[in-house]
Amino acid sequence: MSAIQLQLLTTKQVCDLFCITDRTLYNWGKNNPDFPKAIKLGGTNKYRQSEIETFVDSLTANAA
């Protein structure tokens with residue numbers, strides 16, 4: 001049986017990636033249905049790295 005490796009990003013890591021505040025990240029999640037949903041783990045929000053990468057790819061595809 002192979003192990004599935006799931007990469008999770010913290011709120012701070014996602015904010016740093018986009019150069020935004022945590023409040024802006026919250027608003028993106030609330031107001032943009034295409035933005036990846038947070039996963040609650042241990043009382044903190046985590047984001048699947050693969051979903052963040054897909055979201056970024058969609059932004060660059062739309063800009064082209």
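Note that these values count all heavy atoms, side chains included, but never hydrogens, waters or copies made by symmetry.
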For this session: Calculate, to the nearest 0.5 Å, the distance between atoms CD and CG belonging to E51 and L9 respectively.
Result: 10.5 Å
Exercise. Counting only heavy atoms not in K37, do more than 12 sit closer than 6.0 Å to its NZ atom?
Worked result: yes
Problem set entry | T10 side chain near K46 side chain, heavy-atom distance below 4.5 Å | yes
Problem set entry | Main-chain N/O of I20 paired to T24 side chain as donor or acceptor, under 3.5 Å | no
Problem set entry | Separation between CG of N45 and CG of D22, rounded to the nearest 0.5 Å | 10.0 Å
For this session: Starting at CD1 of I52, measure out to CD of Q7 and round the result to the nearest 0.5 Å.
Result: 13.0 Å
Seminar exercise, completed: ring-ring contact (aromatic ring centres under 6.0 Å, His included) pairs touching residues 30-50, sequence neighbours excluded, are W28-F35, F35-F55
For this session: Find the distance between CG (L17) and CD (Q13) and round it off to the nearest 0.5 Å.
Result: 9.5 Å
Exercise. Do the non-hydrogen side-chain atoms of Y26 and N31 ever get within less than 4.5 Å of each other?
Worked result: no
Problem set entry | Student check: side-chain heavy atoms of L8 and I39 closer than 4.5 Å | yes
